[in-house]
Amino acid sequence: MSDVLVIWRGPAKRASGLGKASREYVSALKRQGIKVRIGGESRARGKIGKNRRKVLIYHQLPQRWNMAQERKQFDRIILNTIWETTRIPSHWPKKINKFDAVCVPTTHNKTALRRSGVKIPIYIVPHGVHTKTFKPSNKKYPLPIAKGRFVFVSIFGFQHRKNPETLLRAYWEQFSADDRVLLVIKTNGYTRQETGKWIRSRIGAYKKKLGIRKKTAPIVIITKHMHQNQIKGVFTLGNVFVLPTRGEGVGLPFLESLSSGVPVIATGWGGHMDFLNDGNSFLVKYRLRYPQISMNSKYAIARRFRSLFSGKGQKWAEPSLSSLKSLMYSAYRHPELCKKKGRRGRTNMKKMSWTFAAAVLKRVIEMK
């Protein structure tokens, strides 16, 4: 048993990717013999904290906190964070440099922080995936229209960074109603107003704006809340997972798709490049661009989060529409290649466990 008490401040109860990562890190740390408590109050001076070194892990984007007050309670204060563009917001480095260390999940994140002026030690603590949960044998999500079709699946929050407009346009332009294909999108909005009806209306208006009038290959859009057992089946429903993202800190759905034996079509830039490669994926060509360029486009259809991604010097990837169309068509024409890449991805993911991630994090926590 470790002599450290960890207070974990993160969104462990949220359904977001950050929330999921919080829960997984905490559970895996406990399996490593680390005593962990979740919440805002440390209670570190109680019986459980006696004779233990006290470490605070702040698993969030940098926000407001009273560092002077925290220093009175904790022996070590660590930030565990993530980022998607080439640089973090300009007011973050000063805040981050007050921590003892910062943990990030990928090389992409470490590069962005260093480039932005973060000077404290940076440790790469990867994310993981449960290969016994996300596996090729999982029962497919029941969708009668998928029978006999080559299925593209995509799972993302309906925001501009995920690039839904390029995904939709590539599919509409590359495939016709005569092709035996299907695109299944599992998505969600970020406010009460961003309902399934709102998302569908945005997509419909975008299609009209593009001037597409002909009957196109079918799309199924799922916006309802789904439990993990259903999500597992969405992955295995697909022949390939596709997301032409503009930037990812990690990309948990990529990990879960590969673990399910389903290869990935993704932009060849971002945190996911620590584990995506030509052996398990189809990588879309791109150019680095300032986020405002696409945000200000008349074709932008999803929530932009301008305050986060419009800072000085920040860039992200703009995937090539033609490259995406070509790769989607290639996957469709070569299902055996998809199976081969999926098998390779499954093998790769067996090395990426949350237990391994927690072992790396434990070493950072126990440093003095």
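Side-chain atoms are counted along with the backbone in the values below, which use heavy atoms only and exclude waters and symmetry mates. Because the structure is a prediction, the values reported are computed rather than measured.
Side-chain atoms of Ile199 and Thr187, non-hydrogen and from C-beta on, do get closer than 4.5 Å to each other. Contact check for Thr166 versus Leu324: side-chain heavy atoms found under the 4.5 Å cut-off. Thr133 places a side-chain heavy atom less than 4.5 Å from the side chain of Gln228. Two residues are said to be in side-chain contact when any heavy atoms from C-beta on lie closer than 4.5 Å; Asn277 and Leu283 fail this criterion. The shortest distance between side-chain heavy atoms of Leu29 and Ile365 falls below 4.5 Å. At a threshold of 4.5 Å between non-hydrogen side-chain atoms, the residues Val364 and Ile78 count as touching. Counting only heavy atoms from C-beta outward, the side chains of Leu167 and Ile185 approach each other to under 4.5 Å. Taking 4.5 Å as the limit, some side-chain heavy atom of Ile7 sits within range of a side-chain heavy atom of Phe74.
Side-chain contact check for Glu24 and His130: at least one donor-acceptor pair (N or O, by modelled atom type) lies under 3.5 Å. Using modelled atom types and a 3.5 Å distance limit, the side chains of Ser294 and Glu318 yield a donor-acceptor pair. Residues Ser353 and Thr355 bring no donor and acceptor atom of their side chains to less than 3.5 Å of each other. For the residue pair Thr86 and Trp316, no side-chain donor N or O sits within less than 3.5 Å of a side-chain acceptor on the partner.
Under a 3.5 Å cut-off, the side chain of Asp75 and the backbone N or O of Lys54 do form a donor-acceptor pair. Of the possible polar contacts, none joining the Arg76 side chain to the Val55 backbone as a donor-acceptor pair under 3.5 Å is found. Gln230 places a side-chain N or O within 3.5 Å of a backbone atom of His227 that can act as its donor or acceptor partner. The closest donor-acceptor contact from the side chain of Ser27 to the backbone of Arg23 lies under 3.5 Å. For the pair His108 (side chain) and Glu84 (backbone), a donor-acceptor distance under 3.5 Å is present.
With sequence neighbours excluded, no residue forms a ring-ring contact (aromatic ring centres under 6.0 Å, His included) with Tyr329. Here Thr191 pairs with Gln193, Glu194, Arg303 under the side-chain contact (heavy atoms from CB on, under 4.5 Å) rule; sequence neighbours left out. Applying the side-chain contact (heavy atoms from CB on, under 4.5 Å) criterion to Arg343, with sequence neighbours excluded, gives Lys339, Lys340. Under the rule for a side chain to side chain donor-acceptor pair (under 3.5 Å), Arg363 has no partner lying at least two apart in sequence or in another chain. When the ring-ring contact (aromatic ring centres under 6.0 Å, His included) test is applied to Phe282, no partner is found at least two apart in sequence or on another chain. In this structure, Asn188 has no side chain to side chain donor-acceptor pair (under 3.5 Å) partners at least two apart in sequence or on a different chain. In terms of the side-chain contact (heavy atoms from CB on, under 4.5 Å) criterion, residue partners of Ser16 (sequence neighbours excluded) are, by chain and number, Arg14, Leu18. Scanning for side chain to side chain donor-acceptor pair (under 3.5 Å) contacts around Glu366 gives Ser2, with sequence neighbours left out. In this structure Asp274 satisfies the side chain to side chain donor-acceptor pair (under 3.5 Å) test together with Thr107, sequence neighbours excluded. In terms of the side-chain contact (heavy atoms from CB on, under 4.5 Å) criterion, residue partners of Lys110 (sequence neighbours excluded) are, by chain and number, Val104, Ile122, Ile124.
With rounding to the nearest 0.5 angstrom, the OG atom of Ser22 is 4.5 Å from the NE2 atom of His59. For the atom pair Tyr332 OH and Leu337 CG, the distance stands at 15.5 Å (nearest 0.5 Å). Rounding to the nearest 0.5 angstrom, the gap separating the CZ atom in Phe99 from the CG atom in Leu56 is 7.5 Å. Separation of atoms CD (Glu173) and CG (Leu210) is listed at 7.0 Å; rounding is to 0.5 Å. Atom CG of residue Asn138 and atom NZ of residue Lys232 lie 5.0 Å apart, to the nearest 0.5 angstrom. Here the straight-line distance linking atom OG of Ser281 with atom CG of Leu276 works out to 4.0 Å at 0.5 Å rounding.
Ring orientation note: the planes of Tyr286 and Trp269 are tilted relative to one another, at an angle of 30° to 60°. Taking the six-membered ring where the residue is Trp, Tyr171 and Phe175 present tilted rings, their angle falling between 30° and 60°.
Within a 6.0 Å sphere centred on NE2 of His91, heavy atoms belonging to other residues, nucleotides or ligands number more than 12. In the displayed structure, Tyr190 atom OH is contacted under 6.0 Å by more than 12 heavy atoms of other residues, nucleotides or ligands. The number of heavy-atom neighbours closer than 6.0 Å to NZ of Lys285, taken from other residues, nucleotides and ligands shown, is 12 or below. Atom CZ of Arg344 is surrounded by 12 or fewer heavy atoms from other residues, nucleotides or ligands within 6.0 Å.
In terms of hydrophobic clustering, with Ile, Leu, Val, Met, Phe, Trp and Tyr side chains grouped at heavy-atom distances under 4.5 Å, Trp8 and Val360 are assigned to a common cluster. Hydrophobic clustering, with ILVMFWY side chains joined whenever heavy atoms are under 4.5 angstrom apart, groups Tyr25 together with Ile38. Residues Phe152 and Leu321 do not share a hydrophobic cluster, defined by chaining ILVMFWY side chains whose heavy atoms lie under 4.5 Å apart. A continuous path of ILVMFWY side-chain contacts below 4.5 Å connects Ile265 to Val220, so both sit in one hydrophobic cluster.
The side chain to side chain donor-acceptor pair (under 3.5 Å) analysis of residues 201-214, with sequence neighbours excluded, yields the pairs Lys207-Thr216.
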- Query: Which is it for Lys135 and Glu256 under the salt bridge (charged side-chain N to carboxylate O under 4.0 Å, His left out) test, yes or no, and what are the steps along the way?
  - Reply: CA-CA 9 Å; Lys135 54 189 178 182; Glu256 293 165 353; over 6 Å; no
- Could you walk me through whether His160 and Arg246 pass side chain to side chain contact (heavy atoms under 4.5 Å, CB included), step by step? CA-CA 8 Å; His160 187 71; Arg246 292 183 165 100; 3.4 Å; yes
- Task: Let me see the working for Ile155 and Val234 under side chain to side chain contact (heavy atoms under 4.5 Å, CB included), right down to the final yes or no.
- Result: CA-CA 9 Å; Ile155 300 176; Val234 173; 4.0 Å; yes
- Query: Does the ring pair (Phe, Tyr, Trp, His ring centres under 6.0 Å) test come out yes or no for Trp83 and Phe309, once each step is laid out?
  - Reply: CA-CA 10 Å; Trp83 195 244; Phe309 302 122; 5.3 Å; yes
- Task: Report the C-alpha distance between Glu248 and Leu243 in whole Å, list the side-chain angles of each, state the deciding distance to 0.1 Å, and finish with yes or no for side chain to side chain contact (heavy atoms under 4.5 Å, CB included).
- Result: CA-CA 11 Å; Glu248 297 293 326; Leu243 185 64; 4.3 Å; yes
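Here the closest non-hydrogen pair linking Phe275 and Gly251 is CZ-O, 4.0 Å.
The hydrophobic cluster around Tyr290 extends to Ile293, counting ILVMFWY residues whose side-chain heavy atoms fall within less than 4.5 Å of a member.
Between Asp100 and Arg71 there is a salt bridge, since a side-chain N of the basic residue sits under 4.0 Å from a carboxylate O of the acidic one. Ion pairing between Glu70 and Arg9 holds under the 4.0 Å rule for side-chain N and carboxylate O.
Taking the six-membered ring for Trp and the full ring otherwise, Tyr141 and Phe235 have centroids separated by 6.0 Å or more.
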